[in-house]
Peer 1: 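There's a structure below that I have some questions on.
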Amino acid sequence: MTSEPTTGAAEATTDATAWWADAVIYQVYPRSFADGNGDGMGDLVGVTERLNYLADLGVDAVWLSPFYTSPQADAGYDVADYRDVDPRFGTLADFDEMLREAHDLGLKIIVDLVPNHTSDEHAWFQEALDAAEGSAARDRYIFRDGRGEGGAEPPNNWQSIFGGPAWTRLTNDDGTPGQWYLHLFDTKQPDLNWENPEVRAEMEDVLRFWLDRGVDGFRVDVAHGMVKAEGLPDWSAKVAMVAGNENEEVTGGAAEEGAAEGNMAPSGENTPPYFDQEGVHEIYRAWHRVLAEYDGDRMMVAEAWVEPMSRIFRYVRSDEMHQAFNFGFLLAGWDAARIHANVSETLTEAAAVNAPATWVLSNHDTVRHSTRYGLADPTSFPKGIAAEDEQPDEELGLARGRAAALIMLGLPGSAYVYQGDELGLPEHTTLDASVRQDPSFFRTEGAERGRDGCRVPLPWEADAASYGFSGDSPDAEPWLPQPESFEQYAADQQVNVAGSTYELYRQALSLRSQLSVGSGALEWTELNQPDAGILAYRNGKVQLVANLSGEAYSLPEGAGVLLVSDESALTNDGGGTETLAPNAAVWLTA
Ligand code: NOJ
């Protein structure tokens, strides 16, 4: 059923004490985190076995990318059954056990919800294929007659975000060509029709299914999608690109919009008719009411690639979602002026709707930040990297990645850590085309290298087969090959090893919690000179100085050092003045 629109969204009621307001949330990509059954693919038993590692690291919550029944055409973002676990990842009982153990360790669990589209193997779509044109079964999706003679042309000119047309034509049982259906992503991901009350009721029921099992929240996939402009008009705007790619110009459909996995959309008057439509907010107000019926501050975080930033914060007005990802921070790259601008704007916009700011450096759709920061242009944002492309300076990227962790974790609000960030893991930049699996690679005929390089199974033990990813199963082949360099990044080389990236994250998270950094307030200090490559802010008891310039930087005399991104980056001139090397950051006592 369609929910009642509410008024007065501006009267802010965010509970600053809610667990999510200042949480550090660790993203688990289940197929690549830990393999508990030795088949080369990660699973829920693997997650359960490693929960202690996450608790020791000091994160507050875990967000799991999809583990639902799915043919895996888009690594699980093509859901065939929203209420079950894919056998590759385990069973509902495995999920319940994982949730119970996580809660026992004090970790919250957030699951992914994919409401814009289902898999073409979902029972509803299968029913629609067998049903007549104009039937109730077809009305759950977006079926249309084609244009032109015999309906041979797609209903409009929209392009799939993964490349190619956003429409696929059916063949009728008698062999004649039939209707077309819309899929903003892969052919195997038909878009649901959110004008249909049955779709709304079903997704609310899915929310309740997982809330009843005890999940603490949802990451909402393509939260700016779902509602399409009436009449599905063609879209051929020519617009300036969003942050991170400002110099690019985009013509036409969604294929060219993607800054990361393709979800980035320009907004405002050139908003495409399939993103950021006003009608989506009514859906989130209804979902907010569902979550509010449950105890324990259940939450939703929006994956909404929209611009300008003020439009992102419309998703977290007080009666809608609770958080939205801040992709502008991720896209700022290693550039002090861009980070400074993003942080200032984020905090202003967040305060305007009384929502917490969020911060993120990497996820399963982006080239890992340590690798991006090691490219000649450390603000560049390639759609995957292959052996024939520019290769990063791995050491430089790692130093900057560690410094960026201190920049991010010293900020007020909630921070997202992608699995492997805490190990300083780089992208796999030389994956062979023959092993790639991302649909965007195939739909663009390899023009986009795709997202496989950031999805490579984690290294746990340097000396074990598949670096311990498949535990005691020496013959297991990881679903994507790991680069040899993963040996040095393996968790067992870093846990309890002074100076390791893991220990840097652990110390930062511990201080962050002890000093209530997440619930603090930021002020830029007199040392802040973003145009000269120096970032400096104070947040309660922590003062950050980050050196993004090419020169060593003298810290204020007598500064007390809480934590430095790399011990060797601090040198003492013998007279009490500490110097901070380039590509490093430090937390000082405020
Ligand atoms: C965003 C997800 O993060 C991405 O991995 C997926 O391909 C698209 N949405 C489509 O569901």
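Only this structure's heavy atoms are used, side chains among them; waters, hydrogens and symmetry mates stay out. All figures in this text were calculated on a predicted structure; none of them were measured in a lab.
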Peer 1: Does some side-chain heavy atom of M226 sit less than 4.5 Å from a side-chain heavy atom of Y284?
Peer 2: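 Contact flag for Y284/M226 side chains = yes.
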Peer 1: Check the pair F327, F325 against ring pair (Phe, Tyr, Trp, His ring centres under 6.0 Å), reporting the backbone distance first and the verdict last.
Peer 2: CA-CA 6 Å; F327 294 120; F325 288 111; 5.5 Å; yes
Peer 1: Could you list the residues that satisfy side-chain contact (heavy atoms from CB on, under 4.5 Å) with F442, not counting sequence neighbours?
Peer 2: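 Expected list: none.
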Peer 1: Assess whether a salt bridge exists between D421 and R368, defined as any Lys/Arg side-chain N lying under 4.0 Å from an Asp/Glu carboxylate O.
Peer 2: yes
Peer 1: Please step through salt bridge (Lys or Arg N to Asp or Glu O under 4.0 Å) for the pair R314 and D276, ending with a clear verdict.
Peer 2: CA-CA 10 Å; R314 300 178 83 238; D276 200 25; 5.2 Å; no
Peer 1: Taking only residues two or more places apart in sequence or in another chain, which ones pass salt bridge (Lys or Arg N to Asp or Glu O under 4.0 Å) with D452?
Peer 2: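 Here no residue qualifies.
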Peer 1: Using side-chain contact (heavy atoms from CB on, under 4.5 Å) as the criterion, list what pairs up with A559, not counting sequence neighbours.
Peer 2: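 Only L588 meet the side-chain contact (heavy atoms from CB on, under 4.5 Å) criterion with A559.
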Peer 1: Quick one: CH2 on W63 to CD on Q419, what's the gap to the nearest 0.5 Å?
Peer 2: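 One gets 10.0 Å once the value is rounded to the nearest 0.5 Å.
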Peer 1: Determine the interplanar angle of the W359 and F329 rings, folded into 0 to 90°, and report it as parallel if under 30°, tilted if 30 to 60°, perpendicular if over 60°.
Peer 2: perpendicular
Peer 1: Show me the pairs that pass ring pair (Phe, Tyr, Trp, His ring centres under 6.0 Å) and involve residues 334-358, at least two apart or across chains.
Peer 2: W334-Y373, H340-W524
Peer 1: Between L555 and Y553, is any pair of side-chain heavy atoms under 4.5 Å apart?
Peer 2: yes
Peer 1: Can you name the residues that form a side-chain hydrogen bond (donor to acceptor under 3.5 Å, both in side chains) with S519, not counting sequence neighbours?
Peer 2: none
Peer 1: Return the CG to CE distance between L411 and M408, rounded to the nearest 0.5 Å.
Peer 2: 8.5 Å
Peer 1: Excluding sequence neighbours, so at least two apart, what forms salt bridge (Lys or Arg N to Asp or Glu O under 4.0 Å) with D60?
Peer 2: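 With neighbours one apart ignored, the set is empty.
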Peer 1: Does the gap between the ring centers of Y53 and W460 come in under 6.0 Å?
Peer 2: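 Yes: the rings meet the under 6.0 Å criterion.
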Peer 1: Nearest 0.5 angstrom please: L480 CG to R31 CZ, how far?
Peer 2: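 One gets 8.0 Å once the value is rounded to the nearest 0.5 Å.
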